[in-house]
**Student:** 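Below are the structure tokens for one structure; questions will follow.
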Amino acid sequence: GAYRRFLAEELRPWIAARFRTDGRAALIGESMAGLFVLDTLAAAPDAFNDYIAVSPILWWGRQALSRKLAAAPPATGPDRRVFIAFEGTQAPGPDGPTPAQQAEARVEAALSNRSHVSIVRFVEERHDTIYHPAALAAFRRLYGK
């Protein structure tokens with residue numbers, strides 16, 4: 001919470017005072033930082049306009065955040081856009097879906113039909129290779145033409 005407050009209440013105004021901006025603010029993160037992005041979306045949705053989570057480790061904490069997002073999906077729209085990138089496939093292994101697959105499926109079911117939410121699966125990528133292609137796709141989707 002303290003780090004989230006620092007980003008939203010101290011760093012954002014500091015940047016806005018020193019650089020030309022359009023007033024929008026985005027939060028992007030990968031892996032544990034991707035989990036932080038989605039946690040911020042759930043806990044303080046007005047802190048940023050755009051949320052980009054790349055390969056968030058939704059299995060962390062016994063999938064608690066995926067359950068939280070499924071129980072209370074945040075409002076989205078033109079002023080709150082979400083881009084989530086997952087790696088690999090959703091094909092279950094011989095023992096069934098992994099905890100990561102279960103959490104991803106839960107978030108996808110809860111958010112995929114909401115306005116201004118993009119959930120993209122990069123089947124060719126792994127956790128250690130997804131960041132660059134996913135970040136580029138997110139920037140193009142949210143800010144490109």
**Student:** Can you tell me if Arg67 uses its side chain to pair, donor with acceptor, with the backbone of Arg62 under 3.5 Å?
**Tutor:**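 Yes, Arg67 side chain to Arg62 backbone: donor-acceptor pair under 3.5 Å.
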**Student:** Against the six-membered ring of Phe48, is Arg12 placed for a cation-pi contact (under 6.0 Å from the centre, within 45° of the normal)?
**Tutor:**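 Yes, a cation-pi geometry holds between Arg12 and Phe48.
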**Student:** With a 6.0 Å cut-off on ring centres, are Tyr3 and Phe36 close enough?
**Tutor:** yes
**Student:** Between Glu125 and Thr129, do the side chains contain a donor N or O and an acceptor N or O under 3.5 Å apart?
**Tutor:** yes
**Student:** Just to verify, what does Thr98 make a side-chain contact (heavy atoms from CB on, under 4.5 Å) with, not counting sequence neighbours?
**Tutor:**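 Partners of Thr98 by the side-chain contact (heavy atoms from CB on, under 4.5 Å) criterion, ordered by chain and then number, come out as Ala100, Gln101.
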**Student:** Identify the heavy atoms of Pro74 and Leu41 that sit nearest to each other, and give their distance.
**Tutor:** CG-CG, 3.5 Å
**Student:** When you measure from the side chain of Asn49 to the backbone of Arg80, do you find a donor-acceptor pair of N or O atoms at a distance under 3.5 Å?
**Tutor:**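 Such a contact is absent between Asn49 side chain and Arg80 backbone.
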**Student:** Show, in sequence, the C-alpha distance, side-chain angles and deciding distance for Ile84 and Glu108, and conclude whether the side-chain contact (heavy atoms from CB on, under 4.5 Å) test is met.
**Tutor:** CA-CA 9 Å; Ile84 304 171; Glu108 194 163 5; over 6 Å; no
**Student:** With sequence neighbours left out, what residues match Arg121 under salt bridge (Lys or Arg N to Asp or Glu O under 4.0 Å)?
**Tutor:**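 Result, salt bridge (Lys or Arg N to Asp or Glu O under 4.0 Å) vs Arg121: Glu104.
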**Student:** Quick one: are Leu58 and Leu38 in side-chain contact, heavy atoms under 4.5 Å?
**Tutor:** yes
**Student:** Determine whether the side chains of Ser55 and His127 contain a donor N or O and an acceptor N or O closer than 3.5 Å.
**Tutor:** yes
**Student:** Tell me whether the count of non-hydrogen atoms from other residues, nucleotides or ligands lying under 6.0 Å of CZ in Arg18 goes above 12.
**Tutor:** yes
**Student:** Could you tell me whether a side-chain N or O of Arg81 sits under 3.5 Å from a main-chain N or O of Ser118, the two making a donor and an acceptor?
**Tutor:** no
